[in-house]
Amino acid sequence: MPTNRNALIRYRAIDNCLTNRYRQWSLDALIEAVSEALYEYEGIDKGISRRTIQADLQMMRSDKLGYNAPIIVIDKKYYAYADPAYSITQIPLTGQDLGRISEAVEVLKQFKGFSHFEQLSSVVQKLEAHIYSATTNQRTIIDFERNDNLKGLVHLDALYQTIVQQKAIHITYQSFKAHLPARFGFHVWWLKEFNNRWFAVGLRGNQAEVQHLALDRIISIESADEVSYRANPDIISTTYYQDVIGVTVSQTLRPCKVLIYVDAQHAPYVETKPMHHSQQVTERRNGGIVISLNVQLNFELEREILGFGDGMTVLAPARLRERIRQKLQTGLAQYEQETEISNVTQAK
């Protein structure tokens, strides 16, 4: 791992460029991107020389830092990774790196029991499990949920820094519904993780409504120094989602009482892992339970209920009950149609 902080910033900036395959990266373009990163992170505004970037590229290609980056030159002008999936953030940690992390973990463990440490305890546990597996060359003894194919995590650090430094950015983004990418200004207030997917939360341009941008739909991020950052006035992220399951929060919709019957097979799972902090058991019947939730009606709530299939029945409100009924009926019709097609195919 580079000992020079500025060098690490340069390597990360170059890596961010070369992993963005929607643009061609000349040496001048890399110099500009690295200069912006140094100014953003360290306040260095004197720029960077061509010789330094060329030396950085050569260092990244070598095994001195363990990168062995497959950097190639296209048309004698544009730099790119020969392997589209490569990133220096994906390389394994060295023994020296693991030693330093082990020391940091030991320091963090001293704070166990303090209230401000509660939210860090799971992070430390993950680090301990990873270090144990890596240093002993044995199978991990704690297997945390992960998605190795999750896209967009490369943007986490850059987005985090824009929040800390309160800087506006330009985002090139393509939602699942859009045919083409769109580029717009964005003011990130916080980062949100739900169901193993990350979101950048904030304001788009001059709009007033809080928006969630999925990191896996972000194509590129650029600094927008010419735009004044719109700071978060008084919205607290920890309470912003208190009336919802997921990240879809309505500014006008009030939470309502949702009653759900959970059958005997699924009741123990729902009781031991509540769907929402407002969940209460209001009745026990036929081995199952009736639970109440005080939440807004949104997409994530419907998806959670549908995930239990016939193990859940919505009792109230009527409009939610009807939506779930229609979705299950549509799904049943699709299964019946597929069965008919399968029977016809087998008959032939």
Hydrophobic cluster membership, Val281 vs Leu293, 4.5 Å side-chain cutoff:
yes

Taking all atoms of both residues into account, what is the closest heavy-atom pair of Leu57 and Leu27, and its distance?
CD1-CD1, 4.3 Å

Exceeds 12 heavy-atom contacts within 6.0 angstrom, atom CD of Glu209:
no

How many angstroms lie between CD1 in Ile260 and CD1 in Ile324, if you round to the nearest 0.5 Å?
8.5 Å

Please indicate whether Arg303 has more than 12 foreign heavy atoms, meaning atoms of other residues, nucleotides or ligands, lying under 6.0 Å from its CZ.
yes

Closest contact, heavy atoms only, Ala231 versus Trp189:
C-NE1, 3.6 Å

Main-chain N/O of Ser292 paired to His276 side chain as donor or acceptor, under 3.5 Å:
no

For the side chain of Arg12 and the backbone of Ile88, is there at least one donor-acceptor N/O pair under 3.5 Å apart?
no

To the nearest 0.5 angstrom, please state how far the CG atom of Leu30 sits from the OG atom of Ser35.
10.5 Å

Rounded distance (nearest 0.5 Å) linking atom OH of Tyr11 with atom OH of Tyr67
7.0 Å

Kindly give the heavy-atom pair with the smallest separation between Arg321 and Val314, and that separation in Å.
NH1-O, 2.6 Å

Note, Tyr240 side chain near Val249 side chain (heavy atom, < 4.5 Å):
yes

Ignoring hydrogens, what is the shortest heavy-atom contact between Ala82 and Pro84? Give both atom names and the distance.
O-CD, 3.4 Å

Treating Trp190 as the side-chain partner and Thr238 as the backbone partner, does any N or O pair qualify as donor plus acceptor under 3.5 Å?
no

Taking Gln174 for the side chain and Ala178 for the main chain, is one N or O donor matched with an acceptor at less than 3.5 Å?
yes

Salt bridge flag under 4.0 Å for residues Arg284 and Glu271
yes

With a 4.5 Å limit on heavy-atom distance, are the side chains of Leu297 and Val258 in contact?
yes

Do Gln24 side-chain atoms and Lys77 backbone N/O form a donor-acceptor pair below 3.5 Å?
no

Answer yes or no: is there a donor N or O on one side and an acceptor on the other, between the side chain of Arg217 and the main chain of Tyr173, under 3.5 Å?
no

Euclidean distance, Leu328 CG relative to Met312 CE, rounded to 0.5 Å:
12.5 Å

Rounded to the nearest 0.5 Å, what separation is found between the CG atom of Asp75 and the OG atom of Ser26?
12.0 Å

Please examine the side chains of Arg197 and Val247, heavy atoms only from C-beta on, and report whether any two atoms are closer than 4.5 Å.
no

Answer whether the closest heavy-atom distance between the side chains of Arg10 and Met60 falls below 4.5 Å.
no

Determine whether a donor-acceptor pair (N or O, by modelled atom type, separation under 3.5 Å) exists between the side chain of Arg61 and the backbone of Ile71.
yes

Could you walk me through whether Asp56 and Ile48 pass side-chain contact (heavy atoms from CB on, under 4.5 Å), step by step?
CA-CA 11 Å; Asp56 288 343; Ile48 201 76; 5.8 Å; no

Under 4.5 Å between any side-chain heavy atoms of Trp198 and His155, yes or no?
no

Backbone of Ile169 reached by a side-chain donor or acceptor of Tyr229 within 3.5 Å
no

Evaluate the criterion side-chain contact (heavy atoms from CB on, under 4.5 Å) for residue pair Glu302 and Leu320; output intermediate values, then yes/no.
CA-CA 8 Å; Glu302 293 181 9; Leu320 177 61; 4.0 Å; yes

Compare all side-chain heavy atoms of Glu283 with those of Tyr261 and state whether any distance is below 4.5 angstrom.
no

Determine whether a donor-acceptor pair (N or O, by modelled atom type, separation under 3.5 Å) exists between the side chain of Glu300 and the backbone of Thr248.
yes

Single-linkage hydrophobic cluster Leu213~Ile163, side-chain heavy atoms < 4.5 angstrom
yes

Between the CG atom in Leu38 and the CD1 atom in Ile9, the distance rounded to the nearest 0.5 Å is 6.0 Å

Quick one: closest heavy-atom pair of Tyr79 and Leu18, and the distance?
O-CD2, 3.5 Å

Verify whether the ring centers belonging to Phe194 and His212 lie closer than 6.0 Å.
no

Determine, using the 4.5 Å side-chain heavy-atom cutoff (strictly less than), whether Phe184 and Val201 are members of one ILVMFWY cluster.
no

Salt-bridge contact Glu322-Arg325 (side-chain N to carboxylate O under 4.0 Å)
yes

How close do Tyr86 and Thr19 get, counting heavy atoms only, and between which atoms?
O-CG2, 3.5 Å

Are Ser278 and Val295 close enough that some pair of their side-chain heavy atoms sits under 4.5 Å apart?
yes

Treat each ILVMFWY residue as a node, draw an edge where side-chain heavy atoms are under 4.5 Å apart, and state whether Leu203 and Val188 are in one component.
no

Ignoring hydrogens and angles, tell me if any N or O in the side chain of His187 forms a donor-acceptor pair with the backbone of Arg230 under 3.5 Å.
yes

More than 12 heavy atoms of other residues, nucleotides or ligands under 6.0 Å from CD of Glu226: yes or no?
yes

Close side-chain approach of Leu215 to Leu159, heavy-atom, < 4.5 Å
yes

As a quick check of understanding, evaluate side-chain contact (heavy atoms from CB on, under 4.5 Å) for Ser223 and Gln165, giving each step before the final call.
CA-CA 12 Å; Ser223 60; Gln165 298 174 22; over 6 Å; no

Evaluate side-chain contact (heavy atoms from CB on, under 4.5 Å) for Glu222 paired with Arg183, printing each intermediate quantity in order.
CA-CA 10 Å; Glu222 304 168 54; Arg183 184 177 183 271; 3.5 Å; yes

Linking I/L/V/M/F/W/Y whenever their side-chain heavy atoms sit closer than 4.5 Å, directly or via other members, would Ile221 and Phe199 fall into one cluster?
no

